[in-house]
Amino acid sequence: MPATIVAGNWKMNTTLEEARELAEGVRSLADNTGGVETILCPPAISLSAVKEAVSGSTVKVGAQNMHWEDSGAFTGEVSPAMLVGLCEYVILGHSERRQLFGETDAQINQKVKAAFRHGLKPILCVGETLEERESGQAREIMARQVMSGLDGTVGLDINGLVVAYEPVWAIGTGQAATPDIAAEIMGGSILEALHSLFGPDADDIPLLYGGSVNVGNIADFASQSCIHGALVGGASLQAESFMEIARLAGVAKSGNS
Ligand SMILES: O=C[C@H](O)COP(=O)(O)O
């Protein structure tokens, strides 16, 4: 059974001081989550402050993105070598990176392999658009995003890999997918693609749902056997709601184990 994980993607929110305060708030509630792994993914500029704020607690830190090269003439980018020591996880292939910044499956694959090379744990995000869903392509596109994101990783130590299913139409809209839709894709084409790559080891990879997760709907998602937690955007910007989501995910998973 994979670990139960609730990760907060703060996106381009919080100043340095706000990030520190939010991380301190999360830390103060960290004893209430019943063993659920919580991860904070602040803007890159606040990674160091957040790391310091949660140090000594169970709360983990992740980056929201990175380049695949270790160094070089890539103005504005952050390299995997720079993240080592600052965070344990890195979100890769988020749909906002794919859609707004033109990231391709091939680039995301380079980033995933770079993360493994550096001992960083990738949270690989996949998700279909509304148009893709309505034209009946969701299953096929999810399998393709998983297969291409993880191309060339068979045989590597993939310990720490997390896959997040975030349907684009559910992100930041207040219209979460139904647990049935999420489970159909996650327990279907995503898990099948992972099995075809990694065999039985695929069953140890935590699968997170993301897209308008809140305290009111997390239990319905986490009670699905193929959903091991959540990648939370808006509701992670408040310590209380984020940690309540983590607690409720743990309760739902323990009822489901
Ligand atoms: O990475 C997080 C997702 O994009 C979900 O964001 P949201 O919870 O604000 O819909």
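Counting convention: from 1, in listed order, for ligands and their atoms alike. The figures that follow rest on heavy atoms only: side chains count, while hydrogens, waters and symmetry mates do not.
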> Is Gly234 in polar range of ligand 1, meaning some N or O pair under 3.5 Å apart?
Replying inline: yes
>> If only side-chain N and O atoms count, and only distance matters, is there a donor-acceptor pair under 3.5 Å linking Glu131 with Trp169?
In response: no
>> Would Lys11 count as being in polar contact with ligand 1, using the rule that some N or O on each side must be under 3.5 angstrom apart?
In response: yes
> For ligand 1, which atoms sit closer than 4.0 Å to a heavy atom of Gly211?
Replying inline: 5 (C), 10 (O)
> Would you say Leu231 and ligand 1 have an N/O pair spaced under 3.5 Å apart?
Replying inline: no
>> Does Asp201, at its CG atom, have more than 12 non-hydrogen atoms belonging to other residues, nucleotides or ligands within less than 6.0 Å?
In response: yes
> How far is atom 8 (O) of ligand 1 from its nearest protein heavy atom, and which residue and atom name does that atom have?
Replying inline: Gly233 N, 2.9 Å
>> Pairs of nitrogen or oxygen atoms closer than 3.5 Å, one from Gly172 and one from ligand 1: do any exist?
In response: yes
> Do you know which two heavy atoms are closest between Ala53 and Arg20, and how far apart they sit?
Replying inline: CB-O, 4.2 Å
> Ser135 and Gln137: side-chain hydrogen bond (donor to acceptor under 3.5 Å, both in side chains), yes or no, with the steps?
Replying inline: CA-CA 6 Å; Ser135 61; Gln137 300 177 82; 2.7 Å; yes
> Residues in side-chain contact (heavy atoms from CB on, under 4.5 Å) with Thr38, at least two apart?
Replying inline: Thr33, Val59, Phe242, Met243, Ala246
> For Gln64 and His94, does a side-chain donor sit closer than 3.5 Å to a side-chain acceptor?
Replying inline: no
> Is there a heavy atom in Ala235 that sits closer than 4.0 Å to ligand 1?
Replying inline: no
> Which one holds for Ile171 and ligand 1: side chain close, backbone close, both close, or neither close, with close meaning a heavy atom under 4.0 Å?
Replying inline: both
>> Using heavy-atom distances only, which candidate in Gln64, Gln175, Glu96, Glu166 approaches atom 5 (C) of ligand 1 most closely?
In response: Glu166
>> If hydrophobic residues (ILVMFWY) are linked whenever their side-chain heavy atoms come closer than 4.5 Å, directly or via other members, who joins Ile5 in its cluster?
In response: Ile39, Tyr89, Ile91, Ile123, Val162, Leu208, Leu231
